[in-house]
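All remarks here apply to the structure that follows.
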Amino acid sequence: MTLARFISITPVSFLVSMAAIVIGFLEVVFIDRLIYPPLRRRHERHKVTGTHGANPAVVMQFIKFQGLVVLPVLGFLFGEHFFGNYVRGLME
């Protein structure tokens with residue numbers, strides 16, 4: 001079983017990719033507005049004692065990359081295989 005067997009580029013894969021872009025954008029906005037500011041404040045407070053841990057900015061860059069790049073690419077490549085029948089059913 002090869003990975004190429006699951007990859008197919010069709011109009012459905014474009015629709016799934018567009019949906020993945022919207023979902024990824026909403027995820028990034030949600031995390032950036034609601035979750036990141038308290039984490040950043042906590043990180044700055046704990047830098048005084050040396051118990052600050054990982055920098056939240058690095059974690060946020062990873063979240064942005066996976067939400068805005070990885071998720072749409074996976075939706076484009078594997079959307080037909082995972083959601084093809086469902087999307088075609090909605091379109092009919």
Side-chain angles (χ1 to χ4, degrees):
M1 189 174 256
T2 64
L3 187 61
R5 180 175 164 238
F6 295 113
I7 297 174
S8 61
I9 298 172
T10 63
V12 171
S13 65
F14 284 110
L15 290 174
V16 173
S17 176
M18 292 299 131
I21 288 172
V22 170
I23 291 170
F25 182 74
L26 291 175
E27 171 194 14
V28 169
V29 168
F30 174 77
I31 290 173
D32 196 34
R33 301 280 179 166
L34 297 176
I35 296 174
Y36 179 70
L39 285 177
R40 188 75 197 164
R41 281 191 298 274
R42 180 189 173 279
H43 178 74
E44 293 297 329
R45 273 195 319 265
H46 287 218
K47 277 168 72 172
V48 175
T49 62
T51 60
H52 54 281
N55 188 355
V58 174
V59 175
M60 191 64 200
Q61 291 299 317
F62 175 74
I63 290 171
K64 286 181 182 178
F65 179 74
Q66 70 87 26
L68 299 176
V69 175
V70 174
L71 193 63
V73 168
L74 290 177
F76 179 69
L77 293 177
F78 299 109
E80 174 68 33
H81 177 69
F82 291 124
F83 303 106
N85 293 334
Y86 178 73
V87 173
R88 273 192 229 87
L90 290 176
M91 291 169 53
E92 291 177 356

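None of these values were measured; they are calculated from a predicted model. Computed from heavy atoms alone, side chains included, the values below leave out hydrogens, waters and symmetry copies.
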[X]-[Y] co-clustered via ILVMFWY side chain contacts under 4.5 Å:
X: Val73; Y: Phe78; result: yes
X: Leu71; Y: Ile35; result: no
X: Tyr86; Y: Ile23; result: no
X: Val12; Y: Phe82; result: yes
X: Leu15; Y: Leu77; result: yes

Measure the spacing between [atom1] of [X] and [atom2] of [Y] and express it to the nearest 0.5 Å.
X: Met60; Y: Phe65; atom1: CE; atom2: CZ; result: 14.5 Å
X: Leu34; Y: Leu39; atom1: CG; atom2: CG; result: 11.5 Å
X: Phe25; Y: Lys64; atom1: CZ; atom2: NZ; result: 10.5 Å
X: Thr10; Y: Phe76; atom1: OG1; atom2: CZ; result: 8.5 Å
X: Arg42; Y: His52; atom1: CZ; atom2: NE2; result: 10.5 Å

Decide yes or no on side chain to side chain contact (heavy atoms under 4.5 Å, CB included) for Arg40 and Asn55, but give the supporting numbers first. CA-CA 8 Å; Arg40 188 75 197 164; Asn55 188 355; 2.6 Å; yes
Does atom CZ of Phe83 have more than 12 heavy-atom neighbours from other groups under 6.0 Å away?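 Count not over threshold, so no.
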Provide the closest heavy-atom pair for [X] versus [Y] in the form atom of the first, atom of the second, distance.
X: Val28; Y: Gly67; result: CG2-CA, 4.4 Å
X: Pro37; Y: Asp32; result: CD-O, 3.4 Å
X: Ala54; Y: His43; result: O-ND1, 3.6 Å
X: Ser17; Y: Pro72; result: OG-O, 3.4 Å

Given salt bridge (Lys or Arg N to Asp or Glu O under 4.0 Å), test Lys47 with Glu44 step by step and report yes or no. CA-CA 5 Å; Lys47 277 168 72 172; Glu44 293 297 329; 3.6 Å; yes
Determine, step by step, whether Val69 and Gln66 satisfy the side chain to side chain contact (heavy atoms under 4.5 Å, CB included) criterion, reporting the C-alpha distance in whole Å, the side-chain angles of both residues, the deciding distance to 0.1 Å, and the verdict. CA-CA 6 Å; Val69 175; Gln66 70 87 26; over 6 Å; no
